[in-house]
Structures are given as structure tokens and as C-alpha cells.
Amino acid sequence: MEKNQRYQKINRGFMVLYLLVCLWGIIDSFLHSTPYYMGLSLLSPLFLLIPPLFWKITRLKPAYLISLTINLFSFLAFVIGIAFRGYGRFPFYDKVVHTLSGVVFGLLGVIFYYLMKKDRSIVPRDGIFAGYFAVSFACTIGMLWEVWEYSMDFIFHSDPQHALTTGVHDTMQDMIVCLIGSLFVLFSVWRYYHKGKAGPMMRIFLDFYELNLK
């Protein structure tokens, strides 16, 4: 509980930083970007509501390391990536974020596996199912994101998938690196269940597990 309270303070401080940088990014976006990215920039502060809404809807105890992880990903993906146009400014930034999406959503897949499991105790045979949920959940979210971008092109003609310049290559690479990110989680799951070693990724899950499911 003391560790969770420490993460709560870190998360609160990060949220303040998130909002300040976000405000700066919104102004910058309105001065230099397109209507599509202006709209996404305006939405970027709302991603901070995802963790508290999740805890409230599920009636679970807030695991602030999970909240901090999601907020950090939202910051990189939407504030830096979109409001500050990081995807266009920094080489390979898009691929790095899509890889991180595989990691984040892979971890959420492990969490959802245990939320749906009747017997929530951790046993060795869970490894294959938790790993399956990690990869499947991450790849499903990655696919839905690409569908979203494809749909938005019909409305704003912003070409977020760079189809005009890369054909299908950008979309396929995004989905591939998302899969690679989920495989990092799969390796972490395998290492934990077969060798009893919890790396950084599984520690994030275990922090949630100890608060809500143990």
C-alpha cells in the first residue's frame, strides 16, 4: 500500500506536467498543423481520464503504477506524437510508439485474463493463456487503430497512414511492430511462469494483482 501511494504521488505530478505540455502542444498545433491534428490535440487531455474511469467502472482499487504507465503512453502517443507532430519530426518515432502500444496493451491483456478467470490465483498453467491474451489483445487494438486511421482519411483526407507515399508499408509496419511489442510481454510472461523471475513488465501486472486479485 505504501508503494502504491508513492506511485500515486508520482502519477499526480506527471499529470500536471502532461497538462502543461498538452496546452503548449494545442497552441502549437493550432498555429502550425491541419484540422485533423488540431482536433486530436484538443482531445489529448481527455486521455488522462482513462485510468480513473477504468477504476471507477470496474470498482477495482487503483493501481497507480498501471495509471502512470497508461498516462506515459498517452503522453508519448498523443501529446508528443500528435500535438507536437513528433511522428513527422522524429525518425522512427511512429514505430517506437507502435511498439510501446504492443507492450502496454499486451500487459492489459494479461490483466483482463485474470479479471475473467474464476480462480484468480496464479498457477504455472496460466502462462500459455496469459501469453495468448497478451498477444491477442495487443494485436486487436493495433488493428482497430489502423481501421480508425483509415476511416479518418475519408473524412479529413489527412492520410494518417501515409498511403499516398508508402502504399500499405506504413500500415503493415505499424501492425508488425505492435506485434513485436506484445512479444516482449509474451517473453516476460514466459520468464515469470517458467523461471519465477518477474521483469519490469510483469512487475507492473503484479502490482495490480496484489492490490485487487490476491
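Between Gly102 and Val185, the shortest heavy-atom distance links the atoms O-CG2, 4.2 Å. Between Met15 and Leu48, the closest heavy-atom pair is CG-CD2, 4.0 Å. Counting all heavy atoms, side chain and backbone alike, Thr58 lies closest to Phe54 at OG1-O, 2.6 Å. Contact record, Ser182 with Ala134: CB-O, 4.2 Å, taken as the closest heavy-atom pair. When every heavy atom of Val189 is checked against every heavy atom of Ala130, the shortest pair comes out as CG1-CB, 4.2 Å.
Hydrophobic clustering (side-chain heavy atoms under 4.5 Å, transitive across Ile, Leu, Val, Met, Phe, Trp, Tyr) keeps Val79 apart from Ile27. Val103 and Trp190 are members of different hydrophobic clusters when ILVMFWY side chains are connected at heavy-atom separations under 4.5 Å. Cluster annotation: Ile82 and Phe30 are assigned to distinct hydrophobic clusters (Ile/Leu/Val/Met/Phe/Trp/Tyr, side-chain heavy-atom contacts under 4.5 Å, transitive). Criterion: ILVMFWY side-chain heavy atoms under 4.5 Å apart, direct or through other members. Under it, Ile141 and Leu108 are part of a common hydrophobic cluster. Phe205 and Leu65 end up in the same hydrophobic cluster when Ile, Leu, Val, Met, Phe, Trp and Tyr side chains are linked at under 4.5 Å.
Annotation: side chain of Leu206 is in contact with side chain of Ile122 (closest heavy-atom distance under 4.5 Å). Taking 4.5 Å as the limit, some side-chain heavy atom of Val21 sits within range of a side-chain heavy atom of Phe84. Residues Asp174 and His169 fail the side-chain proximity criterion, which asks for heavy atoms closer than 4.5 Å. Between Phe90 and Val96 the shortest side-chain heavy-atom distance does not fall below 4.5 Å. Here the side chains of Leu23 and Tyr18 are not in contact, with every heavy-atom distance at 4.5 Å or above. Residues Phe105 and Phe73 are in side-chain contact: their nearest non-hydrogen atoms beyond the backbone lie under 4.5 Å apart. Leu186 is not listed as a side-chain neighbour of Tyr132, based on a closest heavy-atom distance of 4.5 Å or more. Counting heavy atoms from C-beta outward, Cys178 and Thr99 have side chains that stay 4.5 Å or more apart.
For the pair Arg191 (side chain) and Gly196 (backbone), a donor-acceptor distance under 3.5 Å is absent. A donor-acceptor pair is defined here as one N or O able to donate and one able to accept, closer than 3.5 Å; such a pair exists between the side chain of Lys117 and the backbone of Ser121. Remark: side-chain polar atoms of Tyr64 are not paired, donor with acceptor, to backbone N or O of Arg12 under 3.5 angstrom. For Asn4 (side chain) and Leu211 (main-chain N/O), no donor-acceptor pair under 3.5 Å exists by modelled atom type. Remark: the backbone N or O of Ser41 is paired with a side-chain donor or acceptor of Ser44 at under 3.5 angstrom. Under the 3.5 Å distance criterion, the side-chain polar atoms of Ser29 are left unmatched by any main-chain donor or acceptor of Gly25. Using modelled atom types, one side-chain atom of Asn212 and one backbone atom of Lys61 make a donor-acceptor pair closer than 3.5 Å.
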- [ ] Begin from the C-alpha positions of Asp94 and Val177 and carry the test side chain to side chain contact (heavy atoms under 4.5 Å, CB included) through to its verdict.
- [x] CA-CA 10 Å; Asp94 178 57; Val177 295; over 6 Å; no
- [ ] Apply the test side chain to side chain contact (heavy atoms under 4.5 Å, CB included) to residues Arg125 and Tyr193: give CA-CA distance (whole Å), side-chain angles for both, the deciding distance (0.1 Å), then the verdict.
- [x] CA-CA 8 Å; Arg125 66 175 179 273; Tyr193 285 99; over 6 Å; no
Open item on the list: Applying side chain to side chain contact (heavy atoms under 4.5 Å, CB included) to Arg85 and Asp28, what does each step give before you reach the verdict?
Closed with: CA-CA 9 Å; Arg85 302 178 304 287; Asp28 183 75; 2.9 Å; yes
TODO: Check the pair Leu76 / Tyr93 against side chain to side chain contact (heavy atoms under 4.5 Å, CB included), numbers first and verdict last.
DONE: CA-CA 9 Å; Leu76 294 173; Tyr93 187 81; 3.6 Å; yes
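To the nearest 0.5 angstrom, Trp148 atom CH2 is 15.0 Å from Met143 atom CE. Note that CG of Leu42 is 8.5 Å distant from SG of Cys22, once rounded to the nearest 0.5 Å. Here His98 contributes atom NE2 and Thr171 contributes atom OG1; the two are 8.5 Å apart, rounded to the nearest 0.5 Å. Between Tyr87 atom OH and Lys95 atom NZ the span is 10.5 Å, to the nearest 0.5 Å. Here Asp170 contributes atom CG and Met175 contributes atom CE; the two are 12.0 Å apart, rounded to the nearest 0.5 Å. Note that the OG atom of Ser188 and the NZ atom of Lys197 stand 12.5 Å from one another [nearest 0.5 Å].
Remark: Arg120 does not engage Asp126 in a salt bridge, criterion side-chain N to carboxylate O under 4.0 Å.
Ring geometry, Phe75 versus Phe14: the interplanar angle exceeds 60°, so the pair is classed perpendicular (tilted spans 30 to 60°).
By the side-chain contact (heavy atoms from CB on, under 4.5 Å) test, Ile57 pairs with no residue at all, sequence neighbours left out. With sequence neighbours excluded, the residues forming a side-chain contact (heavy atoms from CB on, under 4.5 Å) with Pro51 are Trp55, Ser67, Ile70, Asn71, listed by chain and number. Applying the side-chain contact (heavy atoms from CB on, under 4.5 Å) rule to Phe133 yields the partners Tyr113, Met116; only residues at least two apart in sequence or on another chain are considered.
The environment of Ile128 atom CD1 is sparse: at most 12 non-hydrogen atoms of other residues, nucleotides or ligands sit within 6.0 angstrom. Enclosure of atom CZ in Phe184 is not indicated, since only 12 or fewer non-hydrogen atoms of other residues, nucleotides or ligands lie within 6.0 angstrom.
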